[in-house]
Amino acid sequence: MRQAILDLEESRIREVANAGIGRDDVLAFWFGESDEVTPEFIRAAAVESMLRGETFYSHNLGLPQLRQAVADYTSARHPPVGTDRIAITSGGVNALMIAVQALVDPGDEVVAVTPVWPNLTAQPLIMSARLRCVSLKPMDGEWKLDLPALLAAVTPATRLLIVNSPNNPTGWTLTRGEQQAILDHCRQTGTWILADEVYERLYYAGDTHNACASSFLDLAAPDDRLVVVHSFSKSFLMTGWRLGWLVMPAAMTQQVGKLIEFNTSCASVFTQRAGTVALERTDEVTPRVVAHLRACRDTLIPLLQAVPGVQVRSPSGGMYAFFRLEGHSDSLATAKRLVLEAGLGLAPGDAFAPEARGWLRWCFASNDPQRLVQGVQRLRQWLAAQAGG
C-alpha cells in the first residue's frame, strides 16, 4: 500500500455520522444534501431509459445529447462554450479527481484555499503532490479571502490552484474582481486553476430566479489554464445519481476522455438521460430549489444568532451555516457529543481545515424548515445543560 494512501485521514464528517446513522431520534444535518427526493420527471427519464434497454456503455466523454445540453446550459449563463470543451463524469468528485490526475505529477506544488470540502485537499495528496493551504480569515463570523496572501503563495513553482466558490463549508463567494486578479496572476505564473463551482446556482444575491455566482468562465479565454467542475447533485437534487461535468480547454478534452476510460469508462446511460432532462427543464427545478434554500437559510441563521455563544453570519452562497460555538474549541468532540446527548447531527469544522477546528457546519437544505427550528431548540437545550453542569 502506498504511504500517501496510508497517510490519508478518514472523513471526520463520516466519523460523526457513523455515531448517529440508524437512530430515529437524531436530526441529521451533517451531509451536504437536501432531504428532498429528485423531481419525478427526472426519475422518469431514467426509468424510461432502462425500460428501453439502455444498459450498455456510452462514449467516454458522455452522450452527445447531454454534452450539448451542458454546453447550452453553460452558454446561457456565461460566454459560449462548445461541446468540444465538455466531459461528462460520474459525479462532481469524479470530475475533480480526473482533473487532478490530468494536471498533477508527484512532487508538484498545489495550493488550495481552505477551509474546504476535504476531498479537494485529499486528491492532490493521493497524487503525491506537495500541498500548501491558504486560509480564508474569519471576521465577526464571516470568512473572507486574504487576496494578497493567496497571490503571494502562488508562484511559478505552483502547478495548480484549487478554489471552491461558493465555498463549502463557509459560504464565502469570490467577487468578480478577485477572480480577475487570480486569473491574471495565474497567467503570469503559468499556474492551472481548478475551480469547483458546483454551488454556482445556490447563490442568494440578486434575482432568485436567475441566481448565479460569478464564474471564472465569465473572464477566461477558451484556452486559459482553467478547468471548471460542476455537478448535478445540488442544484438538481441529484446527489445519489453521481453525475457531473468538466469544462476545460478543447485541447485537453480528448486526453481527459482517456482518463475517464481508466477510471469509470463512462457514466451510465440512464443517468445521463436523467441529466439531459434536468438541464433542459432547469427552470422547473433550480429556481424553486434556490428559493427554498434561501427560506431555509433565513429561518436558521437568525435562530442561531439568537443563541448565546454562537457566532455566525448569513452565507451569500451554498447550503450551509458555518458557526463558531464559544467555549467548544474541539469541534469533532463537540459534534460527537451533540449526536449522542442532543440528537443533533452536525459536521465538525476540523473536517475542512485545522483552522476551522472550533467551528461547526449545519446543512440547511431541509425539505421541512421546522426541522431547523427543532434543531436549534436542541442546541439551546444542550448548551443550557452544559452551563448548568
Side-chain angles (χ1 to χ4, degrees), residues 32-34 36 70 72-79 81 92 95-96 113 115-117 120 136 141-145 147 162-183 193-220 226 228-239 244-245 247 278-279 281-302 312-323 352 361-366 369 372:
E33 65 176 349
S34 172
E36 182 179 352
V70 168
D72 293 344
Y73 175 86
T74 304
S75 300
R77 289 155 186 83
H78 309 294
V81 171
L96 289 162
V113 178
V116 75
W117 185 47
L120 274 74
L136 302 170
E142 181 179 9
W143 293 75
K144 296 184 177 182
L145 176 66
L147 182 60
I162 300 176
V163 183
N164 167 223
S165 170
N167 174 258
N168 172 12
T170 68
W172 160 76
T173 303
L174 277 164
T175 67
R176 183 65 56 86
E178 288 169 336
Q179 286 178 327
Q180 187 68 66
I182 291 168
L183 181 62
I193 299 171
L194 177 56
D196 177 354
E197 298 184 355
V198 301
Y199 295 96
E200 170 188 78
R201 298 294 303 279
L202 306 189
Y203 185 61
Y204 309 112
D207 178 16
T208 300
H209 188 82
N210 296 308
C212 187
S214 179
S215 169
F216 279 99
L217 292 173
D218 298 325
L219 304 171
L226 170 68
V228 175
V229 170
H230 272 282
S231 169
F232 286 83
S233 291
K234 316 300 181 180
S235 301
F236 297 97
L237 304 174
M238 294 177 67
T239 52
W245 73 85
V247 183
L279 289 175
R281 297 174 62 176
T282 182
D283 284 347
E284 298 176 44
V285 184
T286 303
R288 179 184 61 80
V289 169
V290 175
H292 179 72
L293 289 176
R294 182 197 291 266
C296 289
R297 180 198 65 164
D298 293 346
T299 296
L300 178 62
I301 296 299
V312 65
R313 294 284 291 272
S314 185
S316 59
M319 52 201 292
Y320 311 104
F322 201 53
F323 65 98
F352 305 95
R361 189 194 73 176
W362 187 317
C363 178
F364 54 71
S366 178
L372 303 173

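No side-chain heavy atom of Asp196 sits under 4.5 Å from any side-chain heavy atom of Ile162. In this structure the side chain of Val163 never reaches within 4.5 angstrom of the side chain of Val116, judged on heavy atoms.
Note: Trp362 and Phe323 have tilted aromatic rings, judged against thresholds of 30 and 60 degrees for the angle between ring planes. Between Phe322 and Trp143, the ring-plane angle classifies as tilted under the 30° and 60° cut-offs.
The salt bridge (Lys or Arg N to Asp or Glu O under 4.0 Å) search around Asp298 returns none, not counting sequence neighbours. Residues passing the salt bridge (Lys or Arg N to Asp or Glu O under 4.0 Å) test with Glu178, sequence neighbours excluded: none. When the side-chain hydrogen bond (donor to acceptor under 3.5 Å, both in side chains) test is applied to His78, the partners found at least two apart in sequence or on another chain are Glu200, Asp218. Under the side-chain hydrogen bond (donor to acceptor under 3.5 Å, both in side chains) criterion, Ser231 pairs with Ser233, sequence neighbours left out. Applying the side chain to side chain contact (heavy atoms under 4.5 Å, CB included) test to Ala365 and every residue at least two apart in sequence or in another chain returns Ser34, Leu293, Met319, Cys363. For Arg77, the side-chain hydrogen bond (donor to acceptor under 3.5 Å, both in side chains) criterion is met by no residue, not counting sequence neighbours. Residues passing the side-chain hydrogen bond (donor to acceptor under 3.5 Å, both in side chains) test with Ser215, sequence neighbours excluded: Glu197. For Glu284, the salt bridge (Lys or Arg N to Asp or Glu O under 4.0 Å) partners are Arg281, not counting sequence neighbours. With sequence neighbours left out, Trp172 forms a ring pair (Phe, Tyr, Trp, His ring centres under 6.0 Å) with no residue at all. Taking Phe364 as the reference, nothing meets the ring pair (Phe, Tyr, Trp, His ring centres under 6.0 Å) condition, with sequence neighbours excluded. Remark: Phe216 engages no residue in a ring pair (Phe, Tyr, Trp, His ring centres under 6.0 Å) (not counting sequence neighbours).
Looking only at distances, no side-chain donor or acceptor of Thr173 sits under 3.5 Å from a matching main-chain atom of Ser165. Judged by distance alone, with hydrogens and angles left aside, the side-chain atoms of Asn167 form a donor-acceptor pair with the main-chain N or O of Pro115 at under 3.5 Å. Here the side chain of Arg361 pairs no donor or acceptor atom with the backbone of Tyr320 at under 3.5 angstrom. Asn164 places a side-chain N or O within donor-acceptor distance of the main-chain N or O of Pro166, the cut-off being under 3.5 Å.
Rounding to the nearest 0.5 Å gives a distance of 9.5 Å between OG of Ser214 and CD of Gln180. For the atom pair CG (Leu217) and NE2 (His230), the distance works out to 6.5 Å, reported to the nearest 0.5 Å. One distance of note links CG of Leu219 with CD of Gln179; it measures 6.0 Å at 0.5 Å rounding. With rounding to the nearest 0.5 angstrom, the CD1 atom of Ile193 is 5.0 Å from the CG atom of Leu183. A distance of 11.0 Å separates CG in Leu202 from CG in Asn168, rounded to the nearest 0.5 Å. Separation of atoms OH (Tyr203) and SG (Cys212) is listed at 9.5 Å; rounding is to 0.5 Å.
By the 6.0 Å and 45° rule, Arg294 does not stack over the aromatic ring of Tyr204.
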(request) Please report the C-alpha distance between Trp117 and Val198 in whole Å, then the side-chain angles of each, then the deciding distance to 0.1 Å, and finally whether the side-chain contact (heavy atoms from CB on, under 4.5 Å) criterion is met. (result) CA-CA 12 Å; Trp117 185 47; Val198 301; over 6 Å; no
(request) Take Phe232 and Leu279 through the test side-chain contact (heavy atoms from CB on, under 4.5 Å) and record every step on the way to the result. (result) CA-CA 9 Å; Phe232 286 83; Leu279 289 175; 3.6 Å; yes
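Shown here for Ala195 and Leu226, the closest heavy-atom pair between the two residues is CB-CD1, 4.3 Å. The nearest pair of heavy atoms linking Pro315 to Gly171 is CB-CA, 3.9 Å. Of all heavy-atom pairs spanning Val285 and Ser235, the tightest one is CG1-O, 3.9 Å.
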